[in-house]
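Worksheet: one structure, shown below.
Chain letters run A, B, ... following the sequence lines, proteins first and then strands; every chain starts at 1.
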Amino acid sequence: MKPFYITTTLPYVNSDPHFGFAVEIIRADIIARWKRELGHEVFFNTGTDEHGIKIYRKATEQGIDPQTYVDGFSKQFRVLRELLDLSWNNFVRTTDPHHIAAAEKFWTIVNERGYIYKKFYSIKYCVGCELEKTDSELVDGKCPIHPTYELELINEENYFFKASAFQAQLLELYKRPLVLPDSRLGEVRAFVERGVEDFSISRLASKMPWGVPVPNDPAQVMYVWFDALVSYLSAIGWPENTTSFEKWWPAVQYCGKDNLRQQSAMWQSMLAAAGLPFSEKIIINGFIVSDGKKMSKSIGNVISPADVVAEFGVDAVRYYVARRVSPFEDSDVTMDKIRDAFNADLANGLGNLVSRTIKMAATYGVTVSREHWAEVEMNLKASSAYAEYAGHLDSYNIQLASDVIWNDITKLDIFIQEKKPFIKVKTDPEGAKADLVYVLDALWGIAVYLRPIMPSTSEKIAESLRTMSLAEGLFPRKDVKK
RNA sequence: CGCGGGGUAGAGCAUUGGUAGCUCGUCAGGCUCAUAACCUGAAGGCAGCCGGUUCGAUUCCGGCCUCCGCAACCA
């Protein structure tokens, strides 16, 4: 079976992990677990992007050296593994010596193939923002944020990447569904059709030393994007471990919509420039807003993954991401919405169904052998419902896959209501038991379906079915105090 | 004419070229195995506005209005 390589974006470590990244990495985790379930060997990569001007400035402001600064943040991202029950098997840091060597090698190859050149160019620089501004960002020739400042013109010599050479190849590439959803593929295609310009891929080390040195030119360091994207290669052992590279590449890449151009245009042309195969698939997530607004410390509507886990538990967060956050569009997330979903779908829905079923089965003396569950699972996997669920996961629509599960939950509640085993047991105990076995089998199916999405809940349900007992409710209701 | 997303029941969201669905909330009823849970039913929408294509559009096309991202803590 074909090995499967999936990676998240490497988050930039200038702040704590935010909910949007939790969404991305939970999705990647669900897909990774799903592929393992199917029997694929899986390489699931994540990590941290640690170079660049913003990090350099922040570290300098705090009077610590950049490496110490990023070490601290990188740890904060590593703890997500336990926090969100993630199963990544590689965590790459762009300050790893191996990655730095890979980035240098990548640069050298692209340079040798003739796609890097040096030129002077002038940039417009806003002192207020301390950032370069492109013409498209300006309003009436001024920075819209600091209209009282005059823009400074700075002449600087940098290395450029000959992206313009790859327009035709990119348009050819977009004939296959490289990018999900389709609307994003159309967007990047339109962007490339408008014309691709060469872009700067280095910075003067004298102004910004925190980056990978440009080979044979100590005066320049690589622009952070150029080095960060190469991490998708260095993570799997490129360049020296060709066996590993050929085994895993190309990758499925998850990213946010702000990364569309970088990952599906810029990165693809970089790969072509290095003579490497294009990515397999790029999945574009929407953004998370809270109460209709971008999460912001000053507004106070920031929801941290850790807060949600503390309040509702890991699997509730994974559930919310899977089923209540739109797979591709922007979504609004608030603690109240999470609480509503928790109560409606997990407490009243899944948790209560497991509870009522196990209780009846235990009370009425239903017993089921281990062989029985194996058989149930085999039948399930041959069913059309399972095919539907699998189809959704194969096309990265975790939401529709989860809908299959919750449709089952509703059907089972109705089934119990209609068959009334709790009445039937008084006159026809065998009939009541048979009804319960039907529900128990379906619950086993739900546990199977939940394996990639809510692994620990899946295991708890399976354990309850094996022992026909339930120590405590899976998801006790969270009531709002009024 | 910079790029992109949205405007569908009180709220949040799905969906579809042919009587518009779900969750929460509200009202009424049922059940009692269960986490005051579960089931049934009801009320509540001219699917932002205007025009076009069509036998038929909420769905396709054009225009308009309007909200929101593309700077900060950015996936």
Between [N] and [X], is there an OP1 or OP2 to side-chain N/O distance shorter than 4.0 Å?
X        : N     : value
A:Lys359 : B:A34 : yes
A:Lys420 : B:C38 : no
A:Asn348 : B:C38 : yes

Contact class for [X] (heavy atom, under 4.0 Å): base, sugar-phosphate, or nothing?
X        : answer
A:Ile25  : nothing
A:Leu474 : base
A:Arg323 : nothing
A:Lys58  : sugar-phosphate
A:Lys257 : nothing
A:Asn285 : nothing
A:Ala347 : base
A:Arg194 : sugar-phosphate

Over how many whole Å does the gap from [X] atom [atom1] to [N] atom [atom2] extend?
X        : N     : atom1 : atom2 : answer
A:Asp330 : B:C70 : CG    : P     : 10 Å
A:Met360 : B:C31 : CE    : C1'   : 12 Å
A:Arg356 : B:C38 : CZ    : P     : 9 Å
A:Asp332 : B:C67 : CG    : P     : 18 Å
A:Leu350 : B:A34 : CG    : C1'   : 13 Å
A:Phe312 : B:U35 : CZ    : P     : 21 Å

Worksheet entry | A:Glu329: side-chain hydrogen bond (donor to acceptor under 3.5 Å, both in side chains) partners, not counting sequence neighbours |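 With neighbours one apart ignored, the set is empty.
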
Discussion item. Looking only at the side chains, is there a donor atom on one of A:Gln399 and A:Asp403 sitting less than 3.5 Å from an acceptor on the other?
Written reply: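 Judged by distance alone, the side chains do not pair up.
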
Worksheet entry | Side chains of A:Tyr320 and A:Arg324, donor plus acceptor under 3.5 Å |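 Per modelled atom types, A:Tyr320 and A:Arg324 side chains form no pair under 3.5 Å.
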
Look at [X] together with [Y] and state whether they make a salt bridge at an N to O cut-off of under 4.0 Å.
X        : Y        : answer
A:Lys460 : A:Asp315 : no
A:Lys75  : A:Asp71  : no
A:Asp336 : A:Arg339 : yes

Worksheet item: Considering heavy-atom distances to RNA chain B, does A:Gln399 or A:Tyr254 have its closest nucleotide positioned more toward the 5' end?
Response: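 Final value for this comparison: A:Gln399.
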
Worksheet item: Given that A:Glu329 and A:Gly20 both sit by RNA chain B, which one's nearest nucleotide is further toward the 5' end?
Response: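 It is A:Glu329, whose closest nucleotide lies nearer the 5' terminus.
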
Item to complete: Check RNA chain B against residues 7-18 of chain A and give the residues with a non-hydrogen atom under 4.0 Å, in numerical order.
Response: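 Residues of residues 7-18 of chain A that come under 4.0 Å of RNA chain B are, in numerical order, A:Thr9, A:Pro11, A:Tyr12, A:Asn14, A:Ser15, A:His18.
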
Closest to the [X] side chain: [options]?
X        : options             : value
A:Gln417 : B:C33, B:A37, B:A75 : B:C33
A:Ser326 : B:A14, B:A37, B:U40 : B:A14
A:Ser355 : B:G4, B:U23, B:U35  : B:U35
A:Ile288 : B:A37, B:C3, B:A75  : B:A75
A:Tyr364 : B:C33, B:C3, B:C38  : B:C33

Item to complete: For the residue pair A:Trp406 and A:Tyr319, categorise the inter-ring angle as parallel (less than 30°), tilted (30 to 60°) or perpendicular (more than 60°).
Response: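 Tilted, since the angle between the ring planes falls between 30° and 60°.
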
Worksheet item: Using the benzene-type ring in the case of Trp, are the ring centres of A:Tyr69 and A:Phe73 under 6.0 Å apart?
Response: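 Aromatic pair counts; centres sit under 6.0 Å.
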
Worksheet item: Strictly under 6.0 Å, is that where the ring centroids of A:Tyr389 and A:Trp34 end up?
Response: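 Aromatic pair counts; centres sit under 6.0 Å.
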
Discussion item. What verdict does the side chain to side chain donor-acceptor pair (under 3.5 Å) test give for A:Ser231 and A:Thr94, after you've listed the backbone C-alpha separation in whole Å, the side-chain angles of each residue and the deciding distance to 0.1 Å?
Written reply: CA-CA 7 Å; A:Ser231 68; A:Thr94 60; over 6 Å; no

Worksheet item: Should stems be defined as at least three consecutive Watson-Crick or G-U pairs with both distances under 3.5 angstrom, which of them involve RNA chain B?
Response: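 RNA chain B stems, ordered by first number: B:2-7 with B:65-70, B:10-13 with B:21-24, B:26-30 with B:38-42, B:48-52 with B:60-64.
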
